[in-house]
Amino acid sequence: MSKISANTLNDPQTQAVQAIEGPVLIIAGAGSGKTRVITFRIAHMLEKGIPQSAILALTFTNKAAKEMETRVKHLTRRKLQNLTVSTFHSFGLNIIRNEAELLGYRKNFSIYDETDKITLIKESLRECRMNFHKVDLFELSQQFSKIKTGLAQWSNDSSGMQAVYDEYQHALKIYNAVDFDDLLTMPLELLEKHGEMAQKYRQKYRYIMVDEFQDTSLIQYRLMKILTDGSCANVCVVGDDDQSIYSWRGANYENILLFEKDFPGRLEIKLEQNYRSTTTILDAANKVISHNTGRKVKKLWSGKGGGKPIELFYPENETDEANFIASRIKNLIIMEDCKYHDFGALTRTNSLARNIEEAFLAENIPYRVSGGTSFFQRKEIKDIISYMRLIANQNDDVSLLRIINTPRRGIGKTTIASLNEMARKNRISVWDSISRMNFERSRGQQGLFGDQRTMTELEEFTAFIESFRTLMLEKQSEQGKPWKLSSCARTLVDNIDYWGYLVSEHGKDEKKARWKFSNIEYFIRMIENWESDPDNYDSGLYPWLNRISLITRDDGEDDNEGKVNLSTIHAAKGLEFPVVFIAGAEKGLIPHERSASGEENENDNEAGNIEEERRLFYVAITRAREKLIITSCKKRRHMQNTADCSPSPFLEEIPKELIRYHEKESEEIDEDTADKFMEQLKSIIKK
DNA sequence: GGGTAAGCAGTTTTT
DNA sequence: CTGCTTACCC
């Protein structure tokens, strides 16, 4: 890869790489070598003598950031200690960390993910004497996000939710915690309020790049803009309006228009040559996306030519579908010499991956799921993380309440309810109310609880957390051994006897307990790996917590080798595979029913939602290099009952002549295949 | 006051 | 099927 020299770039690509000064807008169609252009551009800057510390590259996902960094590293063969390549969120986190006091936070603040957020919203509803069964928590959480990021305002009939929001915000402050939205809004507020601080950042980052620009939200745009120095700043944004698929998260591809307005002197470059897909696949993609309105004009073309027809299959049900995919993979491996990592199986939702997973397991097909319930969301992991969080930040009530009785230590709901009551009344955290209680008792006052045992349990609990606070934060090496977070964590797990807890919880199911415990061991090994990473110069408790708060997927090592990639379409963005399966191309899934019927979305009209779904389908198609295989079930089991399905309306937008229909229920192995298979088998046996 | 068993509702995509 | 809440029992 590092062998590629600049003259392998085409004209617009070269232009994009060389245009370092001034604002640049790059419209990069799918598969047009966008990542390469960005990496070369950064490498070019470094060659010109621009210091690493002056460059800021903002991406959308951790995966993209990591990928970009390694690519630049390979290309330049330099150490990149001072180059900032990060997601908007972790960039924001850094600013907050540096300026915590200004925001009224202590620097050990916790970061609440979506689950923590929902828990806290529940608490807030309870505090406002509202029944959370009548409220869609998920929806309310999104509403809060919209309010916080300025995408929505309270209307008069907000049915008391404004009070809940205020309560929620207040609680965050007391707990010394921030949510994901705060990671963007707080830095923006800071920089807007403190001109000299903004100036400081502007002087530092003189060259800014934004990847996946179509997926930036208004807040992110404003954050980028305040970091740039006027309309002739050295800022380069790269995006493709046709691949904007995150509007539900506040992304707005019209930011491209904003950019054009704010930087009138920009250089605009279009990358339209597709290096990825065959003409067949590209034709299909182009036809589909042409049904959208208000696109930027662009004509993607491919020099690859021809290609095999797109395969379309209508399985009876989801089991059939999964078996078909599995057998098709086996077949292609034998017939066309494909490797497992040549395949990507894409679904609209995470849950759809389940069936396919089962088929892969049954057929012994190695696979890797990206997406799905994140490793860090698993209960056993969240429990341990909650301990660590509470140790770092004792006011973190969400974490405290999660683990105060896990494993069981005889602190029940009545106790917790009274603690909560006391905390709310005094506007302090639960931890502080326990301390206050202890204090009052020590002065001979009547405690809240008559029960001496409960008091003792509470005292033991706080003493336990305190002892680990000392252990984990004061980095003394014990007996000459270097201090290590991982070994502290191991001690923690031992001391709370989490293993005993797992066994008692899963009485009959020891396998499950074992599996969960192995997850914890894996978690600790992750800490170890991180500690021994030479690029990591601060391996303390806070940095670790900050780090994992921003990672959702376990994008550990790149051991994709020899594995089929099973993922959602969203998670597949930026990836490419020789062979792509799109499973569940059915009405109601693609486009998804919840976006098709634009109920509560006042802002975006229905067409906008349909168009986004079409873009999603477009993204899925354009992941494929050689072969595209689409399946659409006739029937599908949804929750308990099976329902009839019809094909996705988008399928009709693919020209018929590009499609080949599968008749048979599953690809039967013909004699040729069987022979070849036997040959392979023999050669394997010989080894 | 705390733990357990039956009963019930249910996830679009991600930082 | 699963995970979570509630109601009930110790």
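Please read these numbers as outputs of a predicted model, since none were measured by experiment. Below, chains carry the letters A, B, ... as their sequence lines are ordered, and counting in each starts from 1.
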Rounded to whole angstrom units, what separation is found between the CD1 atom of I118(A) and the P atom of dG10(B)?
13 Å
Looking at N62(A), does any N or O in its side chain come under 4.0 Å of the phosphate oxygens OP1/OP2 on dT14(B)?
no
To the nearest Å, give me how far apart CD1 (I404(A)) and P (dG3(B)) are.
12 Å
For T622(A), what residues pass the side-chain hydrogen bond (donor to acceptor under 3.5 Å, both in side chains) criterion, not counting sequence neighbours?
none
Choose from dT14(B), dG1(B), dT12(B) the nucleotide whose nearest atom is closest to any side-chain atom of H592(A).
dT12(B)
Ring centers of W248(A), Y246(A) separated by less than 6.0 Å:
yes
Taking 4.0 Å as the cut-off, does a side-chain nitrogen or oxygen of T61(A) come that near to OP1 or OP2 on dT14(B)?
no
Between F88(A) and F91(A), is the gap from one ring center to the other below 6.0 Å?
no
5'-most by nearest nucleotide on DNA chain B - L616(A) or R408(A):
R408(A)
Counting only side-chain N and O atoms of N405(A), is one of them less than 4.0 Å from OP1 or OP2 of dG2(B)?
no
How close or far is atom P of dG2(B) from atom CD1 of I416(A), stated in whole angstroms?
8 Å
Residue mapping more 5' on DNA chain B - nearest nucleotide basis, T349(A) or I411(A)
I411(A)
Ring pair (Phe, Tyr, Trp, His ring centres under 6.0 Å) partners for Y112(A), two or more places apart:
none
Contact list (N/O, under 3.5 angstrom) for nucleotides 8-10 of chain C vs protein:
none

Length of the line joining R615(A):CZ and dT12(B):C1', which is rounded to integer Å:
15 Å
Judged by atom type as modelled, is there a donor-acceptor pair below 3.5 Å linking the side chain of T406(A) to the main-chain atoms of I403(A)?
no
Atom pairs under 3.5 Å, N or O on each side, protein against nucleotides 3-5 of chain C: can you list them with distances?
{"unit_1": "dT5(C)", "atom_1": "OP1", "unit_2": "K122(A)", "atom_2": "NZ", "d": "3.0"}

Round to the nearest Å and state the distance from L137(A) atom CG to dG10(B) atom P.
11 Å
What's the CG-P distance between D215(A) and dT12(B), to the nearest Å?
20 Å
Please tell me if T415(A) has a side-chain N or O lying less than 4.0 Å from either OP1 or OP2 of dG2(B).
yes
Sugar-phosphate only, base, or nothing, as touched by F60(A) at under 4.0 Å among non-hydrogen atoms
sugar-phosphate
Decide whether S86(A) and T84(A) meet the rule of one side-chain donor and one side-chain acceptor closer than 3.5 Å.
no
Residues passing the ring pair (Phe, Tyr, Trp, His ring centres under 6.0 Å) test with F581(A), sequence neighbours excluded, are none
Residue R424(A) excluded, over 12 heavy atoms near CZ under 6.0 Å
yes
Counting only heavy atoms not in E192(A), do more than 12 fall under 6.0 Å of its CD?
yes
Results of side chain to side chain contact (heavy atoms under 4.5 Å, CB included) for Y168(A) - residues two or more places apart only
K117(A), L120(A), I121(A), S124(A), F144(A), K148(A), L172(A), D179(A)
In whole angstroms, the gap separating P of dT14(B) from CH2 of W248(A) amounts to 6 Å
Separation of dC1(C) P from N350(A) CG (nearest whole Å):
21 Å
With a 4.0 Å limit, can you tell me whether N609(A) has a side-chain N or O closer than that to the phosphate oxygens OP1/OP2 of dT12(B)?
no
